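What follows is a short report on a single structure.
All ligand and atom numbering here is 1-based and tracks the order in the structure. Keep in mind the model is a prediction, meaning the values are calculated, not measured.
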Amino acid sequence: MLREIIEDRRSCRSPHNDMLDSLLNTEEGLKFKLNDEQIIDLIIALVYSGYETISTTSMMAIKYLHDHPRALEELRNEHLEIRRKKLPEEALDWNDFKSMKFTRAVIFETLRTATVVNGVLRKTTQDIEMKGYIIPKGWKIYVYTGEINYDQYLYPEPLKFNPWRWMDKNMESHQYFMLFGGGGRLCPGKDLGLAEISTFLHYFVTRYRCEEVGGDTILKFPRVQAPNGLHIRISDYQDTDI
Ligand code: HEM
């Protein structure tokens with residue numbers, strides 16, 4: 001399918017100005033040129049990594065906000081404040097996104113509480129000694145970062161959904177912050193992901209209110225998911241609503 005899309009795009013004369021156009025760019029002097037195999041590989045990696053993380057985090061954020069009205073109210077106020085400074089159909093910009101402090105906190109707390117990604121994979125490139133044990137070269141290790149999310153010393157009352165804990169900026173820079181992995185392989189889609197979810201939440205809470213229909217199953221293991229979806233009833237929200 002991707003091969004066909006690439007062929008179609010090559011034969012199309014009008015520019016789309018999107019990622020595929022950039023990847024297929026054949027201008028002279030480009031430092032990196034990818035062949036079709038590499039382009040397809042990259043697209044699959046991005047779609048795979050960037051789809052379920054975003055949709056699951058968005059779903060769980062709606063669930064937690066629904067269950068925690070005070071957090072929903074604070075989040076909604078943050079977004080109504082942004083809306084009030086804009087024309088009705090005016091799009092969000094980067095400064096709006098950067099001003100969404102509480103939204104960022106809600107997303108981090110959702111990632112932590114729901115453990116959307118429960119670990120990272122590594123392979124040892126040399127023998128590693130750790131607390132008297134040797135991990136031989138070539139071993140594949142799954143670092144179960146999900147455990148860190150419920151450490152009561154890092155996150156007092158770890159089972160409680162408490163976005164306010166993230167309002168302390170230092171929380172994001174401590175060495176245990178591994179919601180997006182860490183080191184040289186830190187998630188390259190972190191900012192894109194945060195921007196996507198923040199944008200979704202912005203339009204959701206400024207335009208709608210929701211009610212859970214109920215009866216849904218949310219599985220936490222091996223990863224958080226709602227096998228039959230999270231069913232909600234949506235109604236319009238007006239800024240003048242109480
Ligand atoms: C809420 C959203 C997201 C979360 C929680 C998340 C989390 C993660 C985690 C934990 C890793 C492993 C990092 C490591 O091994 O240290 C990772 C890797 C990766 N993520 Fe994300 N991610 C998110 C969104 C995205 C988006 C939107 C994209 C791109 C469209 C993306 C692309 C990638 C890629 C390509 C890798 C592999 C990086 C590498 O191995 O060098 N992610 N992500």
Side-chain angles (χ1 to χ4, degrees), residues 2 5 16 18-23 32 34 37-65 71 75 92 94 97-98 100-125 128 130 135 138-151 154-155 161 163 165-166 171-205 218-226 230:
L2 286 172
I5 294 174
H16 287 67
D18 61 5
M19 191 177 88
L20 190 54
D21 270 7
S22 305
L23 291 170
F32 300 106
L34 303 179
E37 201 72 21
Q38 290 166 320
I39 291 176
I40 289 171
D41 202 50
L42 182 65
I43 293 173
I44 291 173
L46 290 179
V47 171
Y48 176 78
S49 330
Y51 168 65
E52 212 157 299
T53 44
I54 302 292
S55 56
T56 308
T57 311
S58 304
M59 175 189 78
M60 290 308 290
I62 293 298
K63 162 95 186 119
Y64 290 133
L65 289 167
L75 182 98
L92 292 172
W94 186 249
F97 168 61
K98 294 309 269 184
M100 297 175 186
K101 305 263 183 289
F102 190 68
T103 307
R104 193 174 177 91
V106 165
I107 298 172
F108 287 156
E109 185 67 348
T110 300
L111 287 169
R112 184 195 73 80
T113 318
T115 298
V116 175
V117 179
N118 58 23
V120 297
L121 268 172
R122 291 291 184 271
K123 187 175 174 186
T124 48
T125 53
I128 307 270
M130 223 181 166
I135 307 174
W139 274 34
K140 289 179 190 142
I141 302 166
Y142 192 73
V143 186
Y144 196 72
T145 51
E147 288 292 323
I148 304 168
N149 293 342
Y150 297 108
D151 184 325
L154 295 171
Y155 307 107
F161 179 78
R165 67 172 98 235
W166 294 98
M171 292 285 289
E172 258 186 74
S173 47
H174 67 60
Q175 59 173 318
Y176 305 103
F177 179 82
M178 295 190 75
L179 298 172
F180 294 88
R185 304 218 77 107
L186 178 81
C187 172
K190 179 182 170 194
D191 282 326
L192 173 65
L194 290 172
E196 284 181 47
I197 300 165
S198 303
T199 307
F200 162 70
L201 288 174
H202 175 79
Y203 288 105
F204 192 83
V205 300
I218 295 196
L219 301 178
K220 290 294 285 277
F221 193 82
R223 60 189 174 77
V224 67
Q225 58 175 313
L230 177 75

Handout entry: Side-chain heavy atoms of D18 within contact of D21, under 4.5 Å
Key = yes

Exercise for the section: Determine whether N149 and L154 make a side-chain contact, defined as any pair of heavy atoms from C-beta on separated by less than 4.5 Å. Expected result: no

Exercise for the section: Kindly check if the number of other-residue, nucleotide or ligand heavy atoms within 6.0 Å of OH (Y144) is above 12? Expected result: yes

Practice task
Would you check if the side chain of R122 reaches a backbone N or O of I141 as a donor-acceptor pair within less than 3.5 Å?
Solution key: no

Fill in the blank from the handout: Less than 4.0 Å from some atom of ligand 1, heavy atoms are found in residues L46, S49, G50, T53, I54, T57, L111, V117, V120, R122, L179, F180, G181, G182, R185, C187, P188, G189, L192, I197

Fill in the blank from the handout: side-chain contact (heavy atoms from CB on, under 4.5 Å) test vs F180 passes for just one of L111, D191, T53, namely L111

Problem - Heavy atoms of other groups near Y142 OH, more than 12 under 6.0 Å - result: yes

